[in-house]
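Working notes, structure below.
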Amino acid sequence: MVETEILIVGGGPAGIISAITAAKQGREVILVDSKSYQEIGNKVCGDALNLEPIKFLERNLGIPHPTGNEVADFVERAIFKSHNVSFPLSGDGYVLNRHPYGQRLLKMAEGLGVEIKDNTKVISALYDDFSVRGAVVVEKGGEGILSEIHAKITIDCSGRNFIIRKTLPERLFPFLEKHLEKRDIAATYREIISLKNQDHPYHNELYLIYDETIPEPGYFWIFSKGEKQLNVGIGWYMDRKSDRGMKELFREVLNKYYPEGTYEVLDKGGGQIPTRYPLTNAIVPGFLTAGDAALHVNPFTAEGHGPALIAGYYAGEIASKAIEIDKYHSEEFLWQYNNKIMNHFGLSHTKIQLFSEALKKIKVSGLEFLIRRSILSKDQFINIHSGKKLGLFEMVKIAIKAFPRYDILLTIARVSKSTQKFEKIFSNYPNDPENYPTWKNDFDIEMNKFRDTYE
Ligand SMILES: Cc1cc2nc3c(=O)[nH]c(=O)nc-3n(C[C@H](O)[C@H](O)[C@H](O)COP(=O)(O)OP(=O)(O)OC[C@H]3O[C@@H](n4cnc5c(N)ncnc54)[C@H](O)[C@@H]3O)c2cc1C
């Protein structure tokens with residue numbers, strides 16, 4: 001049995017930043033990952049990362065921006081593209097080479113004194129009647145002998161696996177959600193390709209391509225990885241059906257841009273991304289969770305790297321303070337983490353979810369109709385997509401122009417109205433756990449009502 005102050009499960013962006021933050025506060029930290037040391041930080045991904053979280057890390061932890069071989073390309077804009085329309089969304093940032101960037105952060109954590117236990121798989125949470133106490137682990141390639149790591153605080157950053165949260169009993173921790181529905185997970189497949197005889201025209205841009213063959217609102221992406229290389233992928237919600245397999249459909253769409261034989265595949269793989277509004281509670285005594293494990297991914301674009309970095313920082317910060325003042329089993333103290341997440345992106349991700357659900361209903365053809373007929377301006381589209389509300393005057397103008405597609409108009413009006421309701425609900429987000437059950441009830445009623453409309 002091993003003991004530590006903070007146990008972090010997972011060395012992805014959320015876990016590594018939690019570790020760096022806590023170590024900088026002088027805390028004793030163990031980070032476990034089932035991957036080997038050399039593989040930590042490597043993940044099948046679209047590799048896009050916007051500037052905001054990078055600046056956040058620089059401001060709060062002094063971590064320099066990605067540089068050298070960590071950067072595959074700089075991004076100036078993201079482009080929404082469907083069969084008939086194409087227009088830019090905001091999107092300064094990077095296309096990364098995630099592996100070297102992740103390795104730099106890993107080495108930084110290690111340099112700050114974090115103990116890295118690689119090839120170590122967490123099997124389940126350790127807990128008593130009141131609190132999480134650590135984890136049960138097994139060494140990969142060993143003899144299958146289970147051992148325990150005891151910790152004052154355990155931070156679950158195990159991504160899609162959410163291994164600690166999922167193994168905590170509902171009976172003891174009723175306000176920590178345990179299940180993830182199919183409609184809240186995107187299945188994805190991507191390849192890194194190198195073009196044989198040509199450069200590509202995608203420098204500094206991220207293309208999100210809404211192709212009619214992909215179950216809506218799934219998309220195909222083309223991201224530049226330098227002069228000849230591209231990161232190309234496909235993804236859609238797991239409750240959406242396609243008559244073809246994901247790889248088959250991927251190849252079919254890619255063929256429209258680059259026929260087979262014109263490129264070499266350098267890397268390939270798939271993965272699942274939780275794409276729902278964040279957990280509205282991500283703590284119990286002795287426990288916090290961050291990143292994909294806490295559903296921190298943007299529910300429309302499926303960007304989760306940035307939110308994981310930000311949430312990792314908050315988790316490390318609150319866990320460290322809790323230990324410093326001996327409040328690591330205090331739900332009241334740890335609750336501050338929920339407040340930070342809800343303030344930073346809880347509301348905006350929830351509003352983006354509404355937009356994403358509405359898109360399932362009006363479909364890309366409906367969105368094209370709005371844009372081609374100039375019913376929605378680019379700014380209004382961005383406002384709805386990022387969860388800002390439309391004023392009454394704007395709605396009336398849109399209504400007049402939308403004739404005869406009032407079904408679409410009704411959907412926009414519903415999104416706009418629900419957006420405002422959620423703004424109100426989030427403005428009442430409790431500052432302590434005591435008032436959470438009532439708040440959560442109000443939240444669930446509104447969210448279920450909205451989602452049921454679009455089932
Ligand atoms: C195909 C694809 C494309 C994507 N494209 C983008 C994109 O372009 N931009 C973007 O921002 N996001 C993208 N994402 C999402 C992004 O990759 C994640 O949101 C991000 O990596 C989340 O970080 P995390 O630290 O929460 O989890 P992860 O990065 O998943 O890290 C979890 C870590 O936990 C470890 N682990 C898991 N289970 C256990 C266990 N039982 N015991 C020990 N260790 C364990 C894993 O080995 C891993 O190292 C994409 C995801 C996929 C799958």
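Numbering of ligands and ligand atoms starts at 1, following listing order.
- F426 and F422 have tilted rings, their planes meeting at an angle from 30° to 60° on a 0 to 90° scale.
- In summary, the side chains of E331 and Y436 do not present any donor paired with an acceptor at a separation below 3.5 Å, with no hydrogens or angles considered.
- In summary, the side chains of Q103 and K107 do present a donor paired with an acceptor at a separation below 3.5 Å, with no hydrogens or angles considered.
- Residues N97 and K225 have side chains that bring a donor and an acceptor to within less than 3.5 angstrom of each other.
- Side-chain contact annotation: Y314 with H344, donor-acceptor N/O pair under 3.5 Å present.
- Residues W439 and T280 are in side-chain contact: their nearest non-hydrogen atoms beyond the backbone lie under 4.5 Å apart.
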Between ligand 1 and the protein, give all atom pairs where both partners are nitrogen or oxygen and the distance is under 3.5 Å, as lines of names plus distance to 0.1 Å.
from     : atom 1 : to   : atom 2 : distance (Å)
ligand 1 : 5 (N)  : G46  : N      : 2.7
ligand 1 : 8 (O)  : D47  : N      : 3.3
ligand 1 : 8 (O)  : A48  : N      : 3.1
ligand 1 : 9 (N)  : A48  : O      : 2.8
ligand 1 : 11 (O) : A48  : O      : 3.3
ligand 1 : 11 (O) : G304 : N      : 3.1
ligand 1 : 11 (O) : H305 : N      : 2.9
ligand 1 : 12 (N) : G304 : N      : 3.0
ligand 1 : 17 (O) : R98  : NH1    : 2.8
ligand 1 : 19 (O) : D292 : OD1    : 2.6
ligand 1 : 19 (O) : D292 : OD2    : 3.3
ligand 1 : 21 (O) : R98  : NH1    : 3.1
ligand 1 : 21 (O) : R98  : NH2    : 3.0
ligand 1 : 25 (O) : P13  : N      : 3.2
ligand 1 : 25 (O) : A14  : N      : 2.9
ligand 1 : 26 (O) : D292 : N      : 2.8
ligand 1 : 30 (O) : K43  : NZ     : 2.8
ligand 1 : 38 (N) : N161 : ND2    : 2.8
ligand 1 : 41 (N) : V122 : O      : 3.1
ligand 1 : 42 (N) : V122 : N      : 2.9
ligand 1 : 44 (N) : S34  : N      : 3.2
ligand 1 : 47 (O) : D33  : OD1    : 2.7
ligand 1 : 49 (O) : D33  : OD1    : 3.4
ligand 1 : 49 (O) : D33  : OD2    : 2.6

